[in-house]
Amino acid sequence: MNRPRLDESFARSARMVGRRIGDEYVLVPLAGRGADLDSILNLSRVAAFVWERLDGTRTGAEVVDAVVERFEVERAEAEADYLELVETLRDIGALAR
């Protein structure tokens, strides 16, 4: 599978749900994959922020812009972290095109 790019748009998969539990934000697979505990993912604040913006309409560059503005991080670091997160999410089936 190709590496994700910043000019691509990704959307959250209907097979994965994100929930805030206390101070934690977790992604949990829905029906059919419920027993797949390896697919449960605990997200950092930044990763949860990104997850909530993956709606299929924003490009990766637009999401990175929002991360840079919200968290005051260097763009190069935000881009690298975004691409790594999207690749992980795609690998566990949490993203749709």
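When reading the values below, keep in mind they use all heavy atoms of this one structure, side chains included, and skip hydrogens, waters and symmetry mates.
For Asp23, the salt bridge (Lys or Arg N to Asp or Glu O under 4.0 Å) test picks out no residue, with sequence neighbours left out. Residues that satisfy the side-chain hydrogen bond (donor to acceptor under 3.5 Å, both in side chains) test with Glu24, not counting sequence neighbours, are Asn42. Taking Ala66 as the reference, Phe49, Arg53 meet the side chain to side chain contact (heavy atoms under 4.5 Å, CB included) condition, with sequence neighbours excluded. Looking at residues two or more places apart in sequence or on another chain, you find a side chain to side chain contact (heavy atoms under 4.5 Å, CB included) between Thr88 and Leu41. In this view, Arg58 and Asp55 satisfy the side-chain hydrogen bond (donor to acceptor under 3.5 Å, both in side chains) rule, not counting sequence neighbours. By the salt bridge (Lys or Arg N to Asp or Glu O under 4.0 Å) test, Glu52 is found to be paired with Arg20, residues two or more places apart in sequence or in another chain being considered.
How far CZ of Phe10 is from CG of Leu54: 8.5 Å, rounded to the nearest 0.5 Å.
Residues Ser9 and Gly56 come closest through the heavy atom pair CB-O, 3.6 Å. Contact record, Gly93 with Arg15: O-NH2, 3.9 Å, taken as the closest heavy-atom pair. Of all heavy-atom pairs between Val50 and Val63, the closest is CG1-CG1, 4.0 Å. Residue Leu83 comes nearest to Arg3 through the heavy atom pair CB-NH2, 4.2 Å, listed as atom of the first residue, atom of the second, then distance.
Here the side chains of Arg45 and Tyr25 are not in contact, with every heavy-atom distance at 4.5 Å or above. For the pair Asp81 and Val46, the minimum side-chain heavy-atom distance is 4.5 Å or more. For the pair Trp51 and Leu89, the minimum side-chain heavy-atom distance is below 4.5 Å. Residues Tyr82 and Val67 have side chains not in contact (no heavy-atom distance under 4.5 Å, counting atoms from C-beta outward). In this structure, the side chains of Leu43 and Leu27 come closer than 4.5 Å at one or more pairs of heavy atoms. No side-chain heavy atom of Val86 sits less than 4.5 Å from a side-chain heavy atom of Glu8.
Distance alone, capped at 3.5 Å, places no donor-acceptor pair between the Arg12 side chain and the Ala96 backbone.
Shown here is Arg75, whose CZ atom has more than 12 heavy atoms of other residues, nucleotides or ligands within 6.0 Å. In this structure, Glu62 places its CD atom where more than 12 heavy-atom neighbours from other residues, nucleotides or ligands lie under 6.0 Å away.
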